[in-house]
Visitor: 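Could you have a look at this structure, given as structure tokens, before my questions?
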Amino acid sequence: MPSQSLYRKWRSQTFSDLVGQEAVVRTLLNAVRDGRLSHAYLFCGPRGTGKTSAARLLAKAINCEHPRDGEPCDECLSCQEIASGRSPDVIEIDAASNNGVDDVRELRKSVGTMSAGGRSRVYIIDEAHMLSTSAWNALLKTLEEPPPHVIFVFATTEAHKMLPTVVSRCQRFDFRRIRTADIVARLRHVAKGEGLELEPAAADLLARAAQGGLRDALSLLDQAVAFSGQRIAVEGVRSMLGLADVGSLRQIIAYIADDNAAAALDLLDALVKGGADLRQLNGQLAEEWRGLMLARAGADLTAALDVTAEEARELEALAARFSLDDLMACARVFARNEAPPKGLPVPQLAVELSLLECLSVRRGVAAPSVAPASPAKAPPPRAEVTPLADAPPPRTRVAAAPAPASLDLAAVDAGTWSGPTNGATPHSAPATRERAPEEPRRHDPAPAVEVDSAPHSAMPAAGDGRDWVAEALDSWPLIRKLCRQKPPMGAMVSGLLSAVDPARCEPGSPPTLILRAKFDAHVTKLRDQNMRQIIEWALEQALGATLRVRVVSASEAVSGEVVRNRVQQEARNEPAPLDGDASAAQSAPAPHVYERRAATRAQAPADAPTGVAGVTDGERGNSGRSEVRERPAAKPRRSTEHLEKAAREDPVVKEFVRALKTEVAEVRSLDADEQPDE
């Protein structure tokens, strides 16, 4: 026969025995003692904090034959029946399994029945938020005007799901998470009553693992007894929970402070091989970073973290080796890495990537306690260019004009290219620039706009010296595969990225990667916040760094490059291109056909014949034909079939249809993979 679990055996039998809910206990005791009871109560709070126990205690106190200042005597027949769960005056209903209208109708029928022996009938409805809306509507009238001998107690862990019309008819009590010290005291009390030898450090580990729930703590104590026997040591509890030693975790953080990546990863691998659970390990590291962040900010650790004075001093000493910005960034890394993503080749890869990201944060922003950073190196002298013997003399070198105060020239440069290649820092503009008169500028094949000729591999990246565009291009297939791991929208994002490519990177903290989409429909979809978060997560997993993403269309990317090139040219005070410059002819957009005709008509003499704009007989060719054709009076409208044929032959439409078919095929293949085998 199975033994009774500890949380049932040691359930609170009096209000004074209820742990960690002093405000609730005081209010209920006064209400019972003064006879100011409500017809309906709502108990809200996390699991295992005493909601159902308080509801039973309230029922005992109301029906007790010999109450003592609101406390039940726990000796009369009514108290003993309620404690054993045999009282006909206390009806407990699980709304998770009895949540329909028919169940509420049965309840309404039983409400009219008088109590068997006590003063009132108490209905305790657990998980009340699970009742359907129609069930609540059926109960609403009875709840508003119940019989005088009926009291309702609703218990829920999700108060926000309760109907406002129900909440307004109840007295609400919010149960709080129980402090670690109170749980430790209760565990030691239960261990003493059970004849167990419980080490203080083991009790502290069990209490912290319960996260404020006394029922969870007692269940863990039950599990520890089964694991270790009558003597419960801290090592046995740590092995049972899959926890790592706190000292080892702080040693990993100390290695990060020393910029010792190898030692940190070796110790992490040893903890994983020693049986540490990855989820628990990530949570423990997140708690340590939070404690260090609070210590660096000057918070009272004994109150905020519920630790001893000695532990607080240890955390403050370790926090002094970091800056507050470093600690905030590292805490943010582990906060968003709650669970290791599925599909990674190594289970602990996510935690290792988080550690390396903390190391990169550490290297990027030095803490005040670390040795001061070396001064920035001066850029090497620019090499002088020796012209060829048969080359024309170079154009006079023009000094760059000072940039206006509102112009961030480094940001403009980083929009089209990520910095100079001559060793200058990303935040310094080149002082001079030289170009031969006949030297044409390099252009993109289509569309013909001016771009810098430096390849991606020669660009210093925005922010920390890395070329994010080149790295993203190299890892683009992996990024698309990683996007698939984020259902339900990951497969769609992966398909849309087939027609998207990284265009440039804008500086910032973190940098922003500009993605250029071929079709406007892709831009509209990928600008959705959920889709952007999937792309940013995939970039972080593939590149090991945090990047923001902005999706633009091809036309927006081109217009942005033209504007930045013009601003850059004006800031450098370069003369306008010569008339014979090939780049000017290529970059200038050709006038529209109607603009050419309007200009021709404006230049025509007054006596020019009507219908031939600005062309005289002397300007005609040998064949007698005019060089400018006569514009027809009216253009016949195309038929629908003609337009459909032109649309099918359009290359843009063909590419869009091809990408859409690829996307549909990938989604179907993913759905087929997720179907269970018959």
Side-chain angles (χ1 to χ4, degrees), residues 1-21 24-25 43 45-60 72 74 79-87 90-98 124-128 130 153 155-157 175-234 236-243 277 280:
M1 181 177 180
S3 61
Q4 192 175 19
S5 59
L6 291 179
Y7 78 86
R8 294 182 58 194
K9 184 177 181 180
W10 291 88
R11 185 188 293 271
S12 301
Q13 300 299 324
T14 60
F15 281 114
S16 59
D17 202 25
L18 196 63
V19 179
Q21 309 297 341
V24 175
V25 168
F43 292 170
R47 69 180 189 274
T49 53
K51 299 184 296 297
T52 307
S53 297
R56 292 185 178 182
L57 290 175
L58 180 62
K60 287 175 67 174
D74 207 22
C79 290
Q80 292 179 0
E81 286 180 344
I82 294 175
S84 60
R86 297 180 289 105
S87 175
V90 179
I91 298 94
E92 294 192 32
I93 301 174
D94 180 20
S97 55
N98 302 278
I124 302 175
I125 302 179
D126 201 7
E127 301 296 334
M130 298 292 289
V153 181
T156 177
T157 56
F175 287 68
R176 309 297 181 186
R177 292 189 182 275
I178 305 173
R179 295 180 303 173
T180 303
D182 294 337
I183 296 179
V184 169
R186 184 66 176 177
L187 289 177
R188 298 180 70 176
H189 173 73
V190 171
K192 183 178 180 181
E194 292 290 324
L196 304 176
E197 186 178 349
L198 179 63
E199 291 185 2
D204 186 74
L205 274 182
L206 293 173
R208 293 184 185 279
Q211 297 182 350
L214 183 58
R215 184 177 64 218
D216 292 352
L218 291 174
S219 297
L220 290 175
L221 180 60
D222 239 343
Q223 185 178 349
V225 172
F227 183 84
S228 303
Q230 295 297 109
R231 186 180 183 280
I232 303 173
V234 62
V237 172
R238 184 178 292 117
S239 177
M240 179 191 74
L241 297 177
L243 297 176
D277 181 73
Q280 296 282 3

Visitor: Donor-acceptor pair, distance only, cut-off 3.5 Å: does the side chain of R188 make one with the backbone of P200?
Guide: no
Visitor: Taking it one step at a time, do L241 and L220 satisfy side-chain contact (heavy atoms from CB on, under 4.5 Å)?
Guide: CA-CA 9 Å; L241 297 177; L220 290 175; 3.9 Å; yes
Visitor: Identify the heavy atoms of V237 and A202 that sit nearest to each other, and give their distance.
Guide: CG2-CB, 3.8 Å
Visitor: Are the side chains of I178 and R186 in contact, using a 4.5 Å heavy-atom criterion?
Guide: no
Visitor: Considering residues at least two apart in sequence or located in another chain, which fulfil the salt bridge (charged side-chain N to carboxylate O under 4.0 Å, His left out) criterion with R179?
Guide: D182
Visitor: If you round to the nearest 0.5 Å, how far is OG1 of T156 from CG of D126?
Guide: 8.5 Å
Visitor: Walk me through it: do I232 and L221 pass the test side-chain contact (heavy atoms from CB on, under 4.5 Å)?
Guide: CA-CA 9 Å; I232 303 173; L221 180 60; 3.6 Å; yes
Visitor: When rounded to the nearest 0.5 angstrom, what is the spacing between CZ in F43 and OG1 in T52?
Guide: 9.5 Å
Visitor: So for atom CZ, which belongs to R208, do other residues, nucleotides or ligands contribute more than 12 heavy atoms lying within a distance under 6.0 Å?
Guide: yes
Visitor: Side chain of E194, backbone of K192: donor and acceptor closer than 3.5 Å?
Guide: no
Visitor: Look at the side chain of K51 and the backbone N and O of P46, then say whether any donor-acceptor pair between them is shorter than 3.5 Å.
Guide: yes
Visitor: In a check of side-chain hydrogen bond (donor to acceptor under 3.5 Å, both in side chains) between S53 and each of R215, Q21, R11, which one passes?
Guide: R11
Visitor: Determine, stepwise, if the pair I125 / D94 fulfils side-chain contact (heavy atoms from CB on, under 4.5 Å).
Guide: CA-CA 6 Å; I125 302 179; D94 180 20; over 6 Å; no
Visitor: With sequence neighbours left out, write down each residue that passes side-chain contact (heavy atoms from CB on, under 4.5 Å) with Q230, or none if nothing qualifies.
Guide: L196, V225
Visitor: Test your reading of the model: is there a side-chain donor-acceptor pair from E199 to the backbone of V234, 3.5 Å cut-off?
Guide: yes
Visitor: Roughly how far apart are L206 CG and D216 CG, rounded to 0.5 Å?
Guide: 11.5 Å
Visitor: If every non-hydrogen atom of A207 is compared with every non-hydrogen atom of V184, which pair is closest and at what distance?
Guide: CB-CG2, 3.6 Å
Visitor: How close do S12 and D17 get, counting heavy atoms only, and between which atoms?
Guide: OG-O, 3.0 Å
Visitor: Is it true that a side-chain atom of K60 and a backbone atom of A83 form a donor plus acceptor pair closer than 3.5 Å?
Guide: no
Visitor: Identify the heavy atoms of I183 and G213 that sit nearest to each other, and give their distance.
Guide: CD1-N, 4.1 Å
Visitor: Take atom CD in E127; do more than 12 heavy atoms of anything else shown fall under 6.0 Å from it?
Guide: yes
Visitor: Would you say the side chain of T180 lies within less than 4.5 Å of the side chain of D204, judging by non-hydrogen atoms?
Guide: yes
Visitor: Check the pair I124, R56 against side-chain contact (heavy atoms from CB on, under 4.5 Å), reporting the backbone distance first and the verdict last.
Guide: CA-CA 8 Å; I124 302 175; R56 292 185 178 182; 4.2 Å; yes
Visitor: On a heavy-atom basis, which atom in F15 and which in L58 lie closest, and how many Å separate them?
Guide: CZ-N, 3.9 Å
Visitor: Report the residues that fulfil side-chain contact (heavy atoms from CB on, under 4.5 Å) with S228, sequence neighbours left out, ordered by chain and then residue number.
Guide: none
Visitor: Within a strict 4.5 Å, meaning less than it, do heavy atoms of the R238 and L205 side chains meet?
Guide: yes
Visitor: Would you call L243 and D277 a side-chain contact if the rule is heavy atoms closer than 4.5 Å?
Guide: no
Visitor: Drop me the distance from Q4's CD to D222's CG, to the nearest 0.5 angstrom.
Guide: 10.0 Å
Visitor: Minimum heavy-atom separation for R86 to S84, with atom names?
Guide: NE-OG, 3.0 Å
Visitor: Is a side-chain donor-acceptor pair under 3.5 Å present for R47 with T157?
Guide: no
